[in-house]
Structures are given as C-alpha cells and as structure tokens.
Amino acid sequence: MRSDQLSYPPAKAYYKRKMRIIRFKTQDTPPQFGWIRDSRVGVIQGDPFGEFRRFEETYDLSEVKLLLPCLPSKIIAVGRNYRAHAVEMNNDVPTYPLIFLKPPSSLITNGENIVLPPQSKRVEHEAELAIVVGKHSRWLTRENALDAVFGYTIANDVTARDLQVLDGQWTRAKGFDTFCPVGPWIETEFDPTDALITCHVNDTLRQMSSTREMIFSVQQLMLYISSIMTLEPGDLILTGTPAGVGLLQAGDKVSVHIDGIGTLVNPVTAQG
Ligand code: MG
C-alpha cells in the first residue's frame with residue numbers, strides 16, 4: 001500500500017469517533033484489523049488499541065472473510081444482571097456482580113456453527129451486550145472506568161443449562177467449544193445505557209429487552225472486575241442476558257441483534 005493512500009492521521013484523534021472495527025482476511029492477505037464504512041472495508045495499520053492508521057476503503061465487504069473482531073486474553077461474563085432473567089431462573093437478584101469466566105477456546109464469530117455437545121440435553125441461548133476493553137486496567141475509578149472501554153460488540157453466552165444445574169459451578173456448562181459467539185464487529189461509539197437487545201431463534205422472537213434493565217451498569221462492572229483482575233486490551237465482558245432464554249436444537253439459526261451495533265447470526269448443529 002502506498003503512503004499517499006493514507007487518508008487519516010494517526011488515530012488518537014479518531015479514538016472516540018464512530019468506527020466499526022473488524023478483523024478480516026482475504027484470499028491474498030493474512031488476518032488483519034480493518035474498519036467498515038457502509039459495505040466497504042479499509043485496512044488498519046498498527047494496533048487499534050494503541051497507535052494506528054486507517055487507510056481508505058479498498059475492499060468490498062463481500063470480498064473479505066470477517067474473523068473474530070478481537071482476540072481476548074480472557075472472557076469475563078456476568079450472571080443474573082437482568083432482574084427478569086434472575087426471576088425466570090428462580091434466583092434472587094444479586095447484591096454485587098456475579099462473575100464467571102468463559103475460555104477463549106469457546107469463541108466463534110458470526111456465521112460459524114454452535115455445536116451441541118453430546119453431554120447435554122438442554123443447550124440454551126443468552127443474548128448479551130459485550131464490552132471490549134481498550135486499556136491495561138486495574139483498580140479503575142468511577143472517573144476513568146468508561147475511558148477503559150474500547151467499544152462494544154454482540155455476544156451469545158451459550159449455556160448447557162442441565163449441566164449448569166448439575167455441576168453447581170459453571171465452567172463446564174458455559175465452557176464448551178463454540179459456546180461464545182461474538183461479533184460481527186466492534187462499534188467504538190455506542191451508548192450502552194438504553195439499547196434494544198433481541199434474540200430470534202429461526203423466526204421466533206425469544207428475548208427482547210433494553211440494556212437499561214441491567215442491574216449493574218457498564219461503569220459498575222468495569223470498576224468491580226478491575227478490582228479483582230487486570231483487564232487487557234481486547235478482553236471481553238459479557239454483561240448478562242435478559243429474560244427469555246430457551247432451547248437450541250440442531251438445524252436452528254440463532255440471531256442476536258443490538259440496536260446501534262448489528263446482528264450476530266449462528267447456525268446450530270449437533271456434534272458429528
Ligand atoms: Mg449469560
């Protein structure tokens with residue numbers, strides 16, 4: 001790429017500008033970061049979490065394969081963060097955030113298959129807003145907690161409900177390969193305080209709520225989690241699911257939509 005194709009200065013000034021960040025590859029290029037405007041894709045040179053340059057759009061979206069939008073060192077998830085979901089599971093509303101981890105090996109991206117494991121008879125979807133961490137952070141304060149947020153994406157906290165009940169703790173039920181669909185991109189400017197979140201399985205609406213129903217806000221979650229563990233750029237925080245979780249079966253297609261971000265779609269298959 002020629003230097004005269006540079007269309008923007010280093011991105012510090014654009015950090016807070018509305019931008020859709022992706023990772024992608026083409027037939028001829030290895031995985032790299034990029035950005036999307038409408039249906040056109042431009043290359044990002046450097047580290048989108050640090051210093052980088054954006055280049056003009058050179059690809060059509062149809063020419064590229066979208067990959068996971070970030071590569072987290074860990075995925076922290078929040079349980080029972082919507083009152084109506086806590087109630088539907090016969091649980092009390094927590095007095096402090098209930099957190100657990102999902103392994104990075106559970107990640108898949110938009111369009112990839114959720115694989116139902118033979119150990120479970122009841123795998124369920126959980127539509128969730130995901131925070132993408134932007135900075136190396138520990139002991140964030142009320143004042144700087146939101147500055148450590150890079151952006152937001154869409155997640156599905158797929159859960160083997162029968163195993164969750166059986167085990168008591170959640171690592172197995174939430175940790176199978178393919179149980180963490182995330183994507184298709186990161187929206188850097190998004191207001192998480194009142195966004196519509198829906199989940200369809202095939203054509204049936206299963207979940208519909210607003211992020212304003214979250215018990216613990218994005219700011220509170222960043223504060224709380226950073227008081228326990230160091231957050232790194234690209235780490236994901238799944239902020240909990242609204243009511244309406246339900247069964248996934250082989251042949252289903254599950255779509256999670258968040259207004260202002262987009263739609264994450266994953267087919268469901270049985271383990272071969
Ligand atoms: Mg969840």
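These numbers come from a predicted model, not from an experiment. In listed order, ligands and their atoms are each counted from 1.
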Expected output: side-chain Thr230 to main-chain Arg138 donor-acceptor under 3.5 Å: no

Between Asn81 and Thr239, a side-chain donor and acceptor under 3.5 Å: no

Test item: side-chain donor near acceptor, Thr193 and Asp191, under 3.5 Å: yes

Expected output: side-chain Ser226 to main-chain Met222 donor-acceptor under 3.5 Å: yes

Partners passing side-chain hydrogen bond (donor to acceptor under 3.5 Å, both in side chains) against Thr153 (at least two apart in sequence or in another chain): none

Lys/Arg N to Asp/Glu carboxylate O, Asp157 vs Lys174, below 4.0 Å: yes

Proximal protein heteroatoms (N, O or S) of the Mg ion (ligand 1), under 2.8 Å: Glu126 OE1, Glu128 OE2, Asp157 OD2

